[in-house]
Amino acid sequence: MGFNLHKDLGKLSARDAAERLLGSMLVRETASGSVSGIIVETEAYDQSDKASHTYRGLTNRNYVMFGPAGSSYVYFTYGMHYCVNVVVGPEGMGASVLLRAIEPLTGIELMAFRRLTTDIRKICNGPAKICQAFSINKELNGHDLKKPPLYLELNDPIATKKIVWTERIGIRENKTLLWRACIKDSPFVSRQV
DNA sequence: AGAGCGATGGCCT
DNA sequence: GGCCATCGCTCTA
């Protein structure tokens, strides 16, 4: 595909990037095997947004979000889970797209083993489930998503009419903003729309 | 030192 | 779908 991850994502707003990433493929390689899937649900965050980790400026935790587009921003939550974002926009903008749900494509058996479930719809239907199924943790924070062992393959942009925008999940601030993007009618999203 | 933050699984309806 | 129990990191003080 003729897409340049860094260039493509670096030009977009968080919201546009959230839309752009739908339908793209995420691939993860480990010693126990490779897994992959299609991104079906995303959420946008940028520095103007009270719900964003970057709202209060640069910190030790969020510095990756101010770095180059196409990097992974991995954060720890609930004392037990990881979530993975794709950094987007020009450097310094402090924007990212949270990956919320993925349609499993390859390595399904390995993902099912890691997730302790065989229900394919429940393997990657949530941001922390993605990290568990894809074996993503803090070591991949700031990783360049053009390269193994974790990389993105941008797909053709999804037609706008196939995307549903809703309120983001699990946040306190800016709840009314419609910055959650889902592929319409996908059975693999974290919460049906 | 302490408040704030939030995803999942299990249960139910 | 809703309700509930579960925890440790991050930031500001």
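Hydrogens, waters and symmetry mates are skipped; everything else that's a heavy atom, side chains included, is used. Chain identifiers are assigned alphabetically (A, B, ...) following the order of the sequence lines, protein sequences preceding nucleic acid strands; residue numbering begins at 1 within each chain.
Not one side-chain nitrogen or oxygen of Lys138(A) sits closer than 4.0 Å to the OP1 or OP2 atom of dC9(C). Residue Lys122(A) places no side-chain N or O under 4.0 Å from the OP1 or OP2 atom of dG10(B). The phosphate of dG4(B) has neither OP1 nor OP2 within less than 4.0 Å of any side-chain N or O from Arg172(A). In this structure, Arg115(A) reaches the dG9(B) phosphate: one of its side-chain N or O atoms is under 4.0 Å from OP1 or OP2.
Within 6.0 Å of atom NZ in Lys147(A), 12 or fewer heavy atoms from other residues, nucleotides or ligands are found, so the atom counts as exposed in its surroundings.
Between the NE2 atom of His81(A) and the P atom of dG9(B) there is a distance of 7 Å, rounded to whole Å. Atom P of nucleotide dG8(C) and atom OH of Tyr82(A) are separated by 12 Å, given to the nearest angstrom. Distance Asp49(A) CG to dC5(B) P: 14 Å, rounded to the nearest Å. A straight line from OH of Tyr75(A) to C1' of dG4(B) spans 14 Å, rounded to a whole angstrom. Rounded to whole Å, atom C1' of dG10(B) lies 13 Å from atom CE of Met80(A). The separation between Asp119(A) atom CG and dG10(B) atom P is 13 Å, rounded to whole Å. The distance between atom CG of Leu116(A) and atom C1' of dA7(B), rounded to the nearest whole Å, is 16 Å. Following rounding to the nearest Å, Arg121(A) (CZ) and dG1(C) (C1') show an atom-to-atom distance of 15 Å.
For Phe76(A), whose side chain is taken as the heavy atoms from C-beta onward, the closest listed nucleotide among dC9(C), dT12(C), dT8(B) is dC9(C). Taking the side chain of Cys83(A) as heavy atoms from C-beta on, and the options dA7(B), dT8(B), dC11(C), the nearest nucleotide is dA7(B). When distances run from any side-chain atom of Arg61(A) to the nucleotides dT10(C), dT12(C), dG9(B), the shortest one goes to dT10(C). Among the nucleotides dT6(C), dG1(C), dC11(C), the one closest to any side-chain atom of Arg191(A) is dG1(C). In the set dT8(B), dT6(C), dC11(C), dC11(C) carries the atom at the smallest distance from any side-chain atom of Thr59(A).
Ring to ring, His53(A) and Tyr45(A) are not that close: their centroids are 6.0 angstrom or more apart.
Residues Phe188(A) and Val97(A) share a hydrophobic cluster, clusters being chains of Ile/Leu/Val/Met/Phe/Trp/Tyr side chains in contact below 4.5 Å.
Looking at which nucleotide of DNA chain B each of Asn125(A) and Arg56(A) is closest to, the 5′-most match is held by Arg56(A).
Checking side-chain atoms of Glu43(A) against main-chain N and O of Ile169(A) turns up a donor-acceptor pair under 3.5 Å.
Taken to the nearest 0.5 Å, the CD atom of Gln47(A) stands 11.5 Å off from the OG atom of Ser96(A).
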